[in-house]
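A short worksheet on the structure shown next.
A note on names: the letters A, B, ... follow the listed sequences, proteins ahead of strands, and every chain is numbered from 1.
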There are 2 protein chains.
Amino acid sequence: MARSGDVVDARVQRSKAAVLAQTYELLSAGGIGGVSIDEVSRRSGVSKTTIYRHWPSRAALLVEACSTIGSAPPVPDTGSFGADLAALVEELAEQLRSARWAAVLPSIVDAAEREPELAELHARLHARLMAPFGVVTERAQARGELAADRGPADVGAVVAGPLFYRRWFSREPLDVAFVRRVVEDALSHFGVQDRST
Amino acid sequence: MARSGDVVDARVQRSKAAVLAQTYELLSAGGIGGVSIDEVSRRSGVSKTTIYRHWPSRAALLVEACSTIGSAPPVPDTGSFGADLAALVEELAEQLRSARWAAVLPSIVDAAEREPELAELHARLHARLMAPFGVVTERAQARGELAADRGPADVGAVVAGPLFYRRWFSREPLDVAFVRRVVEDALSHFGVQDRST
DNA sequence: ACAGTACGGTACTGTACCGTACTGTTTCGT
DNA sequence: ACGAAACAGTACGGTACAGTACCGTACTGT
């Protein structure tokens, strides 16, 4: 018996972990198009048969492998919108500079443009990445620190937009000066005095 | 004789035009991954052999097919930075809403992340798309309308960033209100009074 | 010990693709 | 009219991939 749906067979855990790890590896290196089940099987030592036993299709495997992307770091709560935002932007910039998924996201965006199955994944990732901005924005609004006519969506666009642009389009380095300027500009948009560190 | 390198055979022109047109068609529909020589040949009625006579490889064909993307509309010259910028942003937003290439760019960005051959293409496209912003920015600086410490690269990031973010990441509509806000915010960054239409 | 389950290995079907070779036909320039 | 160039059609070889079927083996909990 499979232990009444509670405990999972250790072999299954090993196999799934190995497969997911190698999938993520290939994903980082070659984007979505760089992942093939054959190659995952070769590298992980888990046979193709077993992979298909655990995931119904390649897409399902990809979705699960992406599920750890952008796992939210703790949302700062300094009491000031400026400092919260600065911390979040620093964090995002650091992720864009170094995180594995920064090289993967473009292929997800591309895939989302045509395959609905992956559009969902894109939506979830976007929501997870931007959630912290929503939190600090709403807190600031609750404190009356921020005008009510500028919602979380605006903050996301104004702050993440330039960062993303720089990372993927202009491909200039995301240096400290640029990041600081983005924060300052955003704060001046929203009529908040900058008092970040 | 092939007409001393000057005039090109009409058959060659026809073939190349048909191939490029269908390549662009497939590109719009399925991104870079959606273009196969077989399919281009089928749809264009140009045989595969002929395609390989004119382009040495699939990549070469793709590069040439992309060469028309983002062909710059005339750069506005109203005499005011605010109005110039507003016109450019409106234009860019309209392109992002409707132009065929707006669906293709993510796959180019993705490809540029790994294939150097296409990274060049990406660089050229980026330069072409952003050139108008550089022009109006430099004109404004020359008039003393704009502080010298904010270069064209900053203007591009602040203005195009939110638009791109909205088009490809948050996937919210690029409505007029949003576009206007982006322009206003950008102008306030740079210490310019908004006097656009 | 024993049943249930997970597993690896291999082979297979079917598809899609790149790039080339070969054969004959149309079209251009002169 | 005639040679050269461009062409279509077709058939390849080679590779890679998704997904499935089958068999025999190793492990797990009871």
Side-chain angles (χ1 to χ4, degrees), chain A residues 1-23 25-27 29-66 107 111 114-118, chain B residues 1-23 25-27 29-65 107 111 114-115 117-118:
Chain A
M1 203 81 77
R3 281 314 343 96
S4 69
D6 193 8
V7 175
V8 181
D9 194 307
R11 295 168 293 178
V12 175
Q13 287 184 329
R14 259 207 315 276
S15 294
K16 292 189 83 167
V19 168
L20 284 174
Q22 287 305 317
T23 302
E25 205 70 25
L26 285 171
L27 203 55
I32 288 190
V35 177
S36 80
I37 304 289
D38 281 302
E39 189 63 22
V40 171
S41 168
R42 249 187 302 268
R43 296 202 187 187
S44 65
V46 175
S47 85
K48 240 172 84 167
T49 320
T50 301
I51 296 177
Y52 278 102
R53 262 194 282 267
H54 293 313
W55 291 275
S57 70
R58 174 176 174 273
L61 172 59
L62 284 174
V63 168
E64 184 163 347
C66 290
S107 74
R114 15 200 148 265
E115 297 172 46
E117 194 166 0
L118 294 174
Chain B
M1 202 82 76
R3 282 312 342 92
S4 70
D6 193 9
V7 174
V8 181
D9 194 309
R11 295 168 293 177
V12 175
Q13 286 184 330
R14 259 206 317 275
S15 294
K16 292 188 84 167
V19 168
L20 284 174
Q22 288 304 318
T23 301
E25 205 72 24
L26 285 170
L27 203 54
I32 288 189
V35 177
S36 80
I37 304 288
D38 282 298
E39 189 64 21
V40 170
S41 167
R42 249 187 302 268
R43 296 202 187 188
S44 65
V46 176
S47 87
K48 250 173 67 165
T49 321
T50 301
I51 297 177
Y52 278 103
R53 252 195 293 271
H54 293 313
W55 292 275
S57 70
R58 175 175 173 274
L61 172 59
L62 283 174
V63 168
E64 184 164 347
S107 75
R114 14 199 150 266
E115 298 172 45
E117 193 167 1
L118 293 174

What does the 5'-to-3' dot-bracket notation of DNA chain D look like when only Watson-Crick and G-U wobble pairs under 3.5 Å count, and pairs to other strands show as |?
||||||||||||||||||||||||||||||
Separation of A:W55 atom CH2 from C:dC7 atom C1', in whole Å?
14 Å
C:dG9 P sits how many Å from A:I51 CD1, rounded?
12 Å
Output all residues satisfying side-chain contact (heavy atoms from CB on, under 4.5 Å) with A:A29, sequence neighbours left out; order by chain, then residue number.
none
Dump the pairs, protein N or O against N or O of nucleotides 25-28 of chain C, anything under 3.5 Å, distances to one decimal.
{"from": "C:dT27", "atom 1": "O2", "to": "B:R11", "atom 2": "NH1", "distance (Å)": "3.0"}

Take atom CZ of B:R53 and atom P of D:dA5, then tell me their distance rounded to the nearest Å.
12 Å
Just to verify, what does B:S47 make a side chain to side chain donor-acceptor pair (under 3.5 Å) with, not counting sequence neighbours?
B:T50
According to salt bridge (Lys or Arg N to Asp or Glu O under 4.0 Å), who are the partners of A:R14, at least two apart in sequence or on a separate chain?
none
If you look at every heavy atom in B:G31 and B:S107, which pair is closest and at what distance?
CA-OG, 3.8 Å
Partner set under salt bridge (Lys or Arg N to Asp or Glu O under 4.0 Å) for B:R53, not counting sequence neighbours
none
Residues in side-chain contact (heavy atoms from CB on, under 4.5 Å) contact with A:E115, at least two apart in sequence or another chain:
A:L118
Test side chain to side chain donor-acceptor pair (under 3.5 Å) applied to B:K16 - qualifying residues, sequence neighbours left out:
none
Near DNA chain D, which residues from residues 40-47 of chain A have a heavy atom under 4.0 Å away?
none
Quick one: what's the B/S/- string for nucleotides 18-23 of chain C, heavy-atom cutoff under 4.0 Å, read 5' to 3'?
BBBBB-
Hits for side chain to side chain donor-acceptor pair (under 3.5 Å) against B:E64, two or more places apart or cross-chain, chain-then-number order -> B:W55
Counterpart residues, side-chain contact (heavy atoms from CB on, under 4.5 Å), relative to A:S44 (two or more places apart):
A:A18, A:V19, A:Q22, A:V40, A:V46
